[in-house]
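When reading the values below, keep in mind they use all heavy atoms of this one structure, side chains included, and skip hydrogens, waters and symmetry mates.
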Amino acid sequence: MVIRRPGAFTSLQSPVMRFLLALLISVTALGAAEFPIDLILINGKIWTVNPRQPEAEAVAVGANRIIAVGTSAEISALKQPHTKVIDLHGRRVLPGFNDAHVHFFYGGAGLASVQLRDAKSQAEFRRRLADFAAKTPKGQWITGGNWDHENWSPADLPTHQMIDPVTPDTPVFVSRLDGHMALANSAALKLAGVDRNTKDVPGGVIVRDAEGNPTGILKDAAEGLVEKVIPSPSVHQIAEGLLAAQKYVIANGVTSVQDMSASPEVLRAYQSLLHAGQLHVRVSGHQPLSEWKRLASSGIQADFGSDILHIGGLKGFADGSLGSTTALLFAPYNDAPNTSGIASDELVNPEKMGKDISDADSAGLQVAIHAIGDKANNIILNYYEKLVAEHGERDRRCRIEHAQHLTTADIPRFGKLHVIASMQPYHLLDDGHWAEKRIGPERAKSSYAFRSLLDTGATLAFGSDWPVAPAVPLMGIYAAVTRRTLDGERPNGWVPEQKITVAEAVRAYTMGSAFASFDETKKGSLDVGKLADIVVLSDDIFTIDPVDIAKTKVDVTIFDGEIVYERPK
């Protein structure tokens, strides 16, 4: 049994940790029976993600922390009259999952919107919108959707003419699942004042027909032409969306999220839930890179806040997405040879973006940049490399969000430059069955390069990009380990040489993500003194056929030492 001695906490100076230290000293001096033990889990297979003690049978929790890890006999001896006991009956236990990349409010709001992701044809896409519009009050916007035209045959983009007849009085602006293009109907285009005379915007594309009229598809920065006229939700509406999101993720074992869309309005809603005792997921919030002065002028640096809610991270964009042919590549798209993608509205002014990154780093803020195409990743790595020359070595933990398509020469630079590869394995399940028509088999060899990145010293932080993909870490682990695409046509995996092990994938969803938000001393492993965020699984993902990981369920989620979810029997 492990009960860590006081020296283990000398680097943790928070009041909570000083309090816990005093309690642990009392455990050492008086015996574990004198310490309040609120919960114990026994007779299980505990994967701690702690290399000093990777496997155990049981764990004890008190004062929202891990108090002891050991055998079932050792932990059972700590039981007190008030202690709740969970007999695991051999089930697998992991640290709570940490989703390193979500858009939490949008995910929660999307749960109540039209569901288009699995529409298999244009006809079904139209029918679902028609049914939803029939229940929507006149004039109220329909957003969300997450459609994917790659599910259709032929894979043609939708147009406003397709949906205008079934949405005549309802403005519609529904997004492709990657969030980098959306379809507006005529009602929405009219409200936004978008017509054949509207000019393209830097970092965006208005798709037009042969006569130059907008088809309704707006890509990347052009989406803002319509978004600016969509009514903003109230703080109450945002809070309701966050609660819906929270309910969804904790049912999937997620106890921490890193919200890449934590605007001031969303942060205000998070705070209202925190003060009301309703926030049962830990949040690390990122705000736009271009707004770095807003944080810096307040004296905020990376990792500012509490164990439940903190800020200090920034999110910028270098390009779009592969599915929208807006990911920035060195060479043209195979199926769209007239383009190599587009730079984002930030990167179209590279000097300004470089200065924002440099100034934000000088202010002690953490920088994370969305980059999908190989050229976009190369440019951002170059920016990060300059930071060391400009400001010297420090623990800055720069991140690249997605890092999907890389040149082989750039892969080792992640480890060399200590750049975190914040990646979303589920995307390859979607992308793998059509990506090669975009970039060909040779460029695909270094797509979602989990194995190569790990082997060259990079830190992987796994997430979902929800609502772009489901916030289901077990499916992310399945994707990283099997690389089987959703169409079932690649049983050995797409680019199988980039598979990683279950243990490596679990680490990326726990310690890797915790490291990415400066939280590795607080969470990410089931180690004495860390926060008691725990997930109990229905099956042992380390011993079953990896294909069956997709069928595994979350039985119990424990947040801050409290059971917040139990799967209905």
Side-chain angles (χ1 to χ4, degrees), residues 96-99 101-117 128-129 131-146 170-175 177 179 182 188 223 226-288 305-306 308-311 315 463-472 554 557 559-560 562-566 568:
F97 294 121
N98 185 337
D99 192 316
H101 187 119
V102 298
H103 305 276
F104 212 52
F105 165 65
Y106 296 111
L111 293 174
S113 188
V114 62
Q115 305 299 309
L116 301 172
R117 182 186 184 91
R128 292 191 187 187
L129 270 171
D131 291 346
F132 195 84
K135 306 171 189 174
T136 302
K138 182 178 178 180
Q140 181 174 309
W141 284 75
I142 296 176
T143 58
N146 293 332
T170 304
V172 174
F173 194 58
V174 287
S175 298
L177 58 84
E223 294 175 278
V226 172
E227 289 170 341
K228 67 184 180 182
V229 300
I230 300 175
S232 298
S234 67
V235 172
H236 175 73
Q237 288 172 318
I238 295 173
E240 289 297 308
L242 296 178
L243 287 173
Q246 176 176 272
K247 181 179 180 180
Y248 168 70
V249 302
I250 63 176
N252 286 294
V254 176
T255 55
S256 294
V257 297
Q258 297 171 39
D259 189 344
M260 296 294 141
S261 302
S263 67
E265 295 77 18
V266 170
L267 283 173
R268 189 172 297 116
Y270 277 129
Q271 289 183 72
S272 71
L273 295 176
L274 179 62
H275 294 157
Q278 295 179 283
L279 193 56
H280 303 312
V281 63
R282 304 187 196 282
V283 179
S284 175
H286 286 242
Q287 297 191 33
S306 71
I308 296 182
L309 178 61
H310 68 82
I311 59 176
K315 163 79 178 301
S464 65
D465 203 12
W466 186 57
V468 178
V472 183
V554 170
T557 302
F559 169 79
D560 223 32
E562 300 285 340
I563 297 172
V564 292
Y565 170 78
E566 291 185 88

To the nearest 0.5 Å, atom CD of Gln115 lies from atom CG of Asp131 at 13.0 Å

Flag side-chain contact, heavy atom, 4.5 Å: Phe173 against Val229 = no

Residues at least two apart in sequence or cross-chain that pass ring-ring contact (aromatic ring centres under 6.0 Å, His included) with His103, listed by chain then number, are His101

I'd like to check Ser263 versus Phe105 (side-chain heavy atoms, cut-off strictly below 4.5 Å). Are they in contact? no

Item checked: Side chain to side chain, Pro231 and Gln237, heavy atoms closer than 4.5 Å -> no

Problem set entry | Flag side-chain contact, heavy atom, 4.5 Å: Val472 against Ser464 | no

When rounded to the nearest 0.5 Å, the distance separating CD1 of Ile142 from CD1 of Ile230 is 11.5 Å

Nearest heavy-atom approach of Ala269 to Ala239 is CB-N, 3.9 Å

Practice item. Taking the side chain as every heavy atom from C-beta outward, state whether His236 and Ser272 have any pair of such atoms under 4.5 Å apart. Key: no

Quick note, salt bridge (charged side-chain N to carboxylate O under 4.0 Å, His left out) partners involving residues 265-284, not counting sequence neighbours, are Arg282-Asp533, Arg282-Asp560

Between the CG atom in Asp465 and the CG atom in Leu177, the distance rounded to the nearest 0.5 Å is 9.5 Å

Under the 3.5 angstrom rule, does the side chain of Ser113 hit a backbone N or O of Gly110 as a donor-acceptor pair? no

Here the gap from Leu273 atom CG to Glu240 atom CD, rounded to the nearest 0.5 Å, amounts to 8.5 Å

Here the pair of heavy atoms bringing Leu279 nearest to Phe559 is O-CE2, 3.9 Å

On a heavy-atom basis, the closest approach of Ser284 and His310 is OG-CE1, 3.2 Å

Residues Gln287 and Ala262: closest non-hydrogen pair is CG-O, 3.1 Å

Handout entry: Mutual orientation of the aromatic rings belonging to Phe104 and Trp466 [parallel < 30°, tilted 30-60°, perpendicular > 60°]
Key = perpendicular

Result block: side-chain N/O donor-acceptor pairs under 3.5 angstrom for residues 243-258, not counting sequence neighbours:
residue : atom : partner : partner atom : Å
Gln246  : OE1  : His280  : N            : 2.6
Gln246  : NE2  : Gln278  : O            : 3.0
Tyr248  : OH   : Ala471  : N            : 3.1
Asn252  : ND2  : Tyr248  : O            : 3.0
Ser256  : OG   : Lys523  : NZ           : 2.9
Gln258  : OE1  : Arg399  : NH1          : 2.6
Gln258  : OE1  : Arg399  : NH2          : 3.4
Gln258  : NE2  : Asn98   : OD1          : 3.1
Gln258  : NE2  : Ser513  : O            : 2.9

On a heavy-atom basis, the closest approach of Val266 and Leu242 is O-CD1, 4.1 Å

Looking only at heavy atoms, the pair that brings Val172 and Ala188 closest together is O-CB, 3.3 Å

When rounded to the nearest 0.5 Å, the distance separating CG of Leu129 from OG1 of Thr170 is 10.0 Å

Could you tell me if the side chain of Phe132 sits less than 4.5 Å from the side chain of Thr136, heavy atoms only?
yes

Value for OH (Tyr270) from CG (Leu309), rounded to nearest 0.5 Å, stands at 8.0 Å

